[in-house]
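Okay, structure first, notes after.
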Amino acid sequence: MKSAAAAVAAAVLALAVKKSNPEFALLLGMAAALLAVYYAVRSLDPVLELIRELTEKTALAPDIYVPVLKCLGIGIITQVGAGICRDAGQAAAATGVELCGTAAAMLCTLPLISSILDVIGRLS
């Protein structure tokens, strides 16, 4: 709720100052996006705690959950970065950010895919 309220307030302020000071409007949007990311990361604390518990109780290998967490972070950063680029009127840059995020997420999954292949190899 806090991040949504802050985003709406920033959007209204940005609209009010956009004609006279577009740079400040962009900065307001960026600040709102960073605040939303902060609250999103804070809300993930219970998920991270659950993963820690599962790791301790099941001896879950980091090769399995670390890539998933990295991909989650990459997805959040990519979405916010692309949104900021679009707000600045840079659609091509936003597409580039999304492409780089996709490539980075794919690279992060390679250890997970390798672990899965190892398990399959041991089963056969």
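Just so you know, residue 1 is the first one in the sequence shown, and it goes up from there. The analysis underlying the following values was restricted to heavy atoms, covering all of them including side chains, and did not include hydrogens, waters or symmetry mates.
In this structure, CD1 in I113 is found 12.0 Å from CG in D118, a value given to the nearest 0.5 Å. We find the CZ-CD distance between R52 and E56 to be 9.0 Å, quoted to the nearest 0.5 Å. Atom NZ of K70 is separated from atom CG of L112 by 11.5 Å, given to the nearest 0.5 angstrom. To the nearest 0.5 Å, the span separating OG on S115 from CD1 on I120 amounts to 11.0 Å.
Sorted by first then second residue, the salt bridge (Lys or Arg N to Asp or Glu O under 4.0 Å) pairs that include residues 25-48, not counting sequence neighbours, number zero. Within the structure, every pair that satisfies the salt bridge (Lys or Arg N to Asp or Glu O under 4.0 Å) test and touches residues 76-99, not counting sequence neighbours, is listed here: R86-E98.
Residues P111 and P67 come closest through the heavy atom pair CB-CG, 4.4 Å. Closest of all the heavy-atom pairs between S43 and P46 is O-CD, 3.3 Å.
With hydrophobic clusters built from ILVMFWY side chains whose heavy atoms lie under 4.5 angstrom apart, L99 does not share a cluster with V97. Clustering ILVMFWY residues whenever any of their side-chain heavy atoms sit less than 4.5 angstrom apart, transitively, puts Y38 in a cluster other than the one holding L34. With hydrophobic clusters built from ILVMFWY side chains whose heavy atoms lie under 4.5 angstrom apart, L107 does not share a cluster with V66. L44 and I51 fall within the same hydrophobic cluster, defined by Ile, Leu, Val, Met, Phe, Trp and Tyr side-chain heavy atoms under 4.5 Å apart, directly or through other members.
A 4.5 Å side-chain heavy-atom check between T102 and I74 finds every atom pair outside the cut-off. Looking only at side-chain heavy atoms (C-beta outward), V68 and L72 stay at 4.5 Å or farther from each other. The shortest distance between side-chain heavy atoms of T78 and C100 does not fall below 4.5 Å.
Annotation: side-chain contact (heavy atoms from CB on, under 4.5 Å) contacts of I84 (sequence neighbours excluded): M30, A33, V80.
Of the possible polar contacts, none joining the S114 side chain to the L110 backbone as a donor-acceptor pair under 3.5 Å is found.
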